[in-house]
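So you know, we letter chains A, B, ... as the sequences are listed, proteins then strands, and number each from 1.
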Number of protein chains: 2
Amino acid sequence: MGIVERKEREKEEMRKLILEAAQKLFLETGFEKVSIRNIADAIEYSPATIYLYFKDKNELLYAIHNIGFQKMVEEFQPALNLADPFDRLVEMGRRYFRFAFENPELFDLMFIMTAPMDSLACRDDDKWDEGRTAFQLLITCVQDCIDAGVFKYQDAEVAALMIWSAVHGNTALFLRKRLEMFEESRRKQLMEDAFTLFIETIHKGL
Amino acid sequence: MGIVERKEREKEEMRKLILEAAQKLFLETGFEKVSIRNIADAIEYSPATIYLYFKDKNELLYAIHNIGFQKMVEEFQPALNLADPFDRLVEMGRRYFRFAFENPELFDLMFIMTAPMDSLACRDDDKWDEGRTAFQLLITCVQDCIDAGVFKYQDAEVAALMIWSAVHGNTALFLRKRLEMFEESRRKQLMEDAFTLFIETIHKGL
DNA sequence: TTGTTTACTAAACAGTGTTCAGTACATTTG
DNA sequence: CAAATGTACTGAACACTGTTTAGTAAACAA
């Protein structure tokens, strides 16, 4: 009686269909401008159908946020293989930037928008596992730096948070257009300089 | 013939009336949840009236974003009077945090939301003067630190951007609920520790 | 007392997320 | 096989949203 299994498979496929259409539309048009109706049109189903597979729009956004984390972890992989822990750290920073530049909508969803987090708040079972897992990569790297004597920090978690904040802040200010006071031509160079300066500072810093 | 002046005064008062009602509603309910109709109801006018004083919702948000900057600059004033430039820098950082904690909706509008910046994009006359002015305070302070020999940085602007990024990143990650993986009790302490570590790092750093 | 300008609004437009009663088909049961 | 049950889906509605426009009533100028 594989009938119930087939049904489950079909259900899974439908979820995937919705998710892929949604993702495509989002990355094309931006999250703010895509409606449930747009997604429904794209897959040629009624809007109500989507609600049979996702509780609400936030849950759909959360699902795509998850896809984003998968992608990001994949793109971080090469950095994690570098021998020197400090090189590893720097490369992780660079890849954080690059991911944001190349996937601004996805990055927004993962680290800036509130909507997907609102979905998390409704079901108290997990505490943003995706974020936790990704952040753990950074903590590990920082700990390696400490162990290798590059840093003299005591607490790898605190140091990791500081480093994440610095890199994220730069990215977020740019993505949310808070660096508009700099001429467009200088902007990217300025950001890179700020990042480089940060790296130099923590390297010599402590 | 003071009649035209009275009219202008009335127009200005009406703008103020709208702005104050809007601000009150926004700070009570959050920006996402307040509609033009809500504001209109609050001041007992029709929704269409608001469009006689503001081009669209983004412009209204931009006007409130401006009020936020006035408030922020006021709250920064005491920090700017400190004798030691590095103390000044640290105190500015602390006040950035505090402003964000005490006025999360306003902070969001000033540094995270896209809507008010979309308003800016439409009229190319100025390049976010409010942001530029506030950032200039930081640059000046960093330059003072360089002059006093606390920092050996070359470029005050780049250093200021790095510092702003670090402080802002921490704040933004918190406000947008990206530190949910830490238990609520630890969260604030962790943020303070990360800030302190950053301060120590740049102090000894270069 | 005209004519004109100004300030305002009712109503509509085109959209949004979401819900629910109802339908048509697949599956199970007698 | 036919009847009963279960499931997947949808049309249409609800209560909103930002925004525009035609029209009105009052204030002002001639």
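- Using cut-offs of 30° and 60° for the angle between ring planes, the B:Y62 and B:H65 rings count as parallel.
- Remark: B:Y53 is not in phosphate contact with C:dA7, judged by side-chain N or O atoms under 4.0 Å from OP1 or OP2.
- For A:E28, the CD atom is densely surrounded, since the number of other residues' heavy atoms within 6.0 Å is greater than 12.
- Whole-Å rounding puts the A:L25 CG to C:dT16 P distance at 12 Å.
- No contact: B:F54 has no heavy atom under 4.0 Å from any strand.
- Comment: B:R95 engages B:E91 in a salt bridge, judged by a side-chain N to carboxylate O separation of less than 4.0 angstrom.
- Taking atom CD of residue A:E32 and atom P of nucleotide C:dG15, one finds them 18 Å apart after rounding to whole Å.
- Rounded to whole Å, the distance from OH on B:Y45 to P on D:dT19 is 21 Å.
- The shortest distance between the side-chain N/O atoms of B:S35 and the OP1/OP2 oxygens of D:dT17 is below 4.0 Å.
- Both B:R37 and B:M14 sit near DNA chain C, but only B:M14 has its closest nucleotide nearer the 5' end.
- Counting only heavy atoms from C-beta outward, the side chains of A:I64 and A:L106 approach each other to under 4.5 Å.
- As rounded to whole Å, 9 Å separates atom P of D:dT10 from atom CG of A:L52.
- The separation between A:N58 atom CG and C:dT16 atom C1' is 14 Å, rounded to whole Å.
- Between A:N38 and the phosphate of C:dG15, there is no side-chain N or O to OP1/OP2 separation shorter than 4.0 Å.
- Phosphate proximity of D:dC9 to A:Y51: absent, as no side-chain N or O sits under 4.0 Å from OP1 or OP2.
- Rounding to whole angstrom units, CD of residue A:E10 and C1' of C:dA26 are separated by 10 Å.
- In this structure, A:R88 forms no cation-pi arrangement with A:F76, as its terminal cationic atom is not both closer than 6.0 Å to the ring centre and no more than 45° off the ring axis.
- Comparing atom distances between the B:I36 side chain and each of C:dC8, D:dG18, D:dC9 picks out D:dG18 as nearest.
- Computed from coordinates, the A:I50 CD1 to C:dT18 P distance equals 11 Å when rounded to whole Å.
- Residue A:K57 contributes atom NZ, which lies 19 Å from atom P of D:dC16 at whole-angstrom precision.
- Residue contacts for A:T49: at a heavy-atom cut-off of 4.0 Å it reaches a base atom on one of the strands shown.
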